[in-house]
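See structure below.
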Number of protein chains: 2
Amino acid sequence: MVGNKQLIAGHISQRYDAELKGIIEQVLRMGYLASAQVEKALQAFIQVDIDLAQQVIAEDQAINRMELQIDEQCIEILARRQPAASDLRAVVAVMKAIKDLERIGDQAKRIARAAMKLAENETRLTIHHNEFELIGQHVVTMLQHTLSAFQELDAEKAYGAALEDKAIDQDYEAILRQNMTYMMEDPRNISRVVEMTWVARAIERIGDHARNVCEYTIYLVKGRDVRHQADDQLEAIAKSPR
Amino acid sequence: MVGNKQLIAGHISQRYDAELKGIIEQVLRMGYLASAQVEKALQAFIQVDIDLAQQVIAEDQAINRMELQIDEQCIEILARRQPAASDLRAVVAVMKAIKDLERIGDQAKRIARAAMKLAENETRLTIHHNEFELIGQHVVTMLQHTLSAFQELDAEKAYGAALEDKAIDQDYEAILRQNMTYMMEDPRNISRVVEMTWVARAIERIGDHARNVCEYTIYLVKGRDVRHQADDQLEAIAKSPR
């Protein structure tokens, strides 16, 4: 699954190579599952597909289990192998990243639940769908770039993916403003529009979690903690030689 | 500050005692700061106090810095001391707990921002304040119990604090239902009520993060990962002898 044999060699010493690569593969599998959950949840929401929404809700358990398993393996490596330097950084980055991936899964479940609630209403507001398709495309693309940056241990790519969060924030603000108008125009829309606002919010949160994963990727590769930093500093670190 | 000399001795071996206790004290300081931020943000929101809201927003940086500092020290301990067993668990629990404390700080900032937005409107809905005072009391009390369970490394107390999240969830659901009614009654309320809904949501999230900290406390003390478990299992683990 992971085609980063050469790339990884520069960052992770030979000694724990197999073990750490195994864990990184599992993180990727977890990430792709979370990303698929987001895609399915958005589809269930836009097409008001109850079966698909139920699938997403049921599947969330699998992501939770993966988080616990990977976490346990990381703690075991810390205890048994006592890794140092870049190996230690890889383990720490993984432990942090899986928390965000698990929360991406939670948000997908939240979107699926909103889809089910909306399905309870016989009518639906089709006017919103274009905007949700747009923000949905943005977030799914960002997740793909985030995971491929992690897979290739590419800090510059991770920086690029982190920036994609801005477009999602803008889409989100636009949806909020739009929703406010819909509610004011016709109070009968309120309960449905409130539900749609939660969905927009869940997507916006997924963007934030993806950005976190990008920051942990930069940390893993560059050895510098880039949380709570401005974008230009993030860029300088991501593009710095090591 | 920490009065848990004897309690801690049972869980953390002598070797890293001072170092680990120093870190736990910092986590507590960070936790009490986050908790104070929540209290101030709620006060700013209820009393529409712009100065206080601005204070909360400015102070959030301090919590972010504490997170990075504690995290760095934990990684240093992992690299230099290569802790095992309960020491390793303490470090891992701390690294996870500070993420939740940082997010509690973020939510306080969010509440403060909503307080500032509401202050821009000359009129205000006083009808909501009783409910917000109630949920506010619940969340502040839960934070106090959560931090004192962590301070005393008391798994049973942590379990008790974790359960307090339920009352907050109920308060939150009640506010959501109420808000929906206010909006339908008079569409001119909508933009203000939407802001209040975000505040309620932020408080609900703070309860979730506090519960996470309780779960990490139980993990630290009992050595069992209790995430994604039902309450009765949580209880059994928290009350088990070791």
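Here is the naming used below: chain letters follow the sequence lines, and residue numbers restart at 1 for every chain. Below, all heavy atoms of this structure are taken into account, side chains as well, without hydrogens, waters or symmetry copies.
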Interface moiety of B:Glu72 toward chain A, non-hydrogen atoms closer than 4.5 Å: neither
Side chain to side chain contact (heavy atoms under 4.5 Å, CB included) against B:Ala200, all qualifying residues, sequence neighbours excluded: B:Phe132, B:Tyr172, B:Ile175
Best-contacting candidate, A:Arg103, A:Met183, A:Glu185, A:Met184, against chain B by heavy atom pairs under 4.5 angstrom: A:Arg103
Residue pair A:Met116 / A:Ala53: nearest heavy atoms and the distance that separates them: CG-CB, 3.5 Å
B:Gln69 atom CD, neighbour heavy-atom count above 12 within 6.0 Å: yes
Contact origin within B:Leu78 toward chain A - heavy atom pairs under 4.5 Å: both
Best-contacting candidate, A:Thr197, A:Leu176, A:Asp225, A:Ile75, against chain B by heavy atom pairs under 4.5 angstrom: A:Ile75
Closest non-hydrogen atom pair, A:Met95 against A:Asp71: CE-OD1, 3.4 Å
Short N-O contact, A:Glu195 and A:Arg192, less than 4.0 angstrom: no
Heavy atoms of other groups near B:Arg188 CZ, more than 12 under 6.0 Å: no
Backbone N/O of B:Met142 and side chain of B:Thr146: donor-acceptor pair under 3.5 Å: yes
Salt bridge present between B:Arg201 and B:Glu204 (N-O < 4.0 angstrom): yes
Pairs satisfying ring-ring contact (aromatic ring centres under 6.0 Å, His included), at least one member in residues 217-236 of chain A, at least two apart: none
N-O pairing of B:Asp106 and A:Arg205 below 4.0 Å: no
Basic-acidic side-chain contact under 4.0 Å: B:Asp231, B:Lys166: yes
Neighbourhood of chain A inside residues 56-66 of chain B, taking heavy atoms under 4.5 Å as contact: B:Asn64
Heavy-atom contacts under 4.5 Å, residues 207-216 of chain A to chain B: A:His209, A:Asn212, A:Tyr216
